[in-house]
Amino acid sequence: MNRNLSREQLLCKLNEVSFAVDDILLFLDTHPCHEEALCYYRDAAKLRRELMEEYEHCYGPLTIDDAVYHESSSWKWMTQPFPWQMEGGR
């Protein structure tokens with residue numbers, strides 16, 4: 001999908017899409033039958049899942065849920081660097 005994105009760019013895109021998903025969920029709380037909003041939610045949620053999978057494929061699991069639910073022969077959560085171990089101290 002976005003294999004040419006850096007780790008930082010992929011995280012930024014993931015944050016943007018995650019914000020959109022959270023925002024449309026708030027709208028749907030008060031407008032549960034709004035077809036356009038439901039369609040937007042489905043598309044944004046799908047894109048978020050794809051970005052999460054891409055991040056995991058390239059850099060390891062981003063959340064503990066991803067580390068738990070993906071079958072592996074080892075516990076990958078601890079094999080990636082912690083945020084303070086990344087370049088620039090971010």
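Positions are given from 1, in the same order as the sequence printed here. Just the heavy atoms: all of them, side chains too, but no hydrogens, waters or symmetry mates, feed the values below.
Nearest heavy atom pair, residue Y59 against residue R7, reads OH-N, 3.1 Å. Taking all atoms of both residues into account, the shortest heavy-atom contact from K13 to L51 is CG-CD1, 3.7 Å. The heavy-atom pair separating L28 from H34 by the smallest distance is CD2-O, 4.3 Å.
Between the OG atom in S18 and the CG atom in L47 there is a gap of 9.0 Å [rounded to 0.5 Å]. Residue R42 holds its CZ atom at 11.0 Å from CD1 of I24, rounded to the nearest 0.5 Å. From D43, atom CG reaches atom CZ of R48 across 15.5 Å, with rounding to the nearest 0.5 Å. For the atom pair OH (Y41) and CG (D22), the distance works out to 9.5 Å, reported to the nearest 0.5 Å. The line from CE of M52 to CD of E56 is 8.0 Å long, rounded to the nearest 0.5 Å.
For F19, the CZ atom counts as loosely surrounded, since its 6.0 Å shell holds 12 or fewer non-hydrogen atoms of other residues, nucleotides or ligands.
Contact check on K46 versus E50 returns a salt bridge, with a Lys/Arg side-chain nitrogen under 4.0 Å from an Asp/Glu carboxylate oxygen.
Considering only heavy atoms from C-beta on, E8 stays 4.5 Å or farther from L11 through its side chain.
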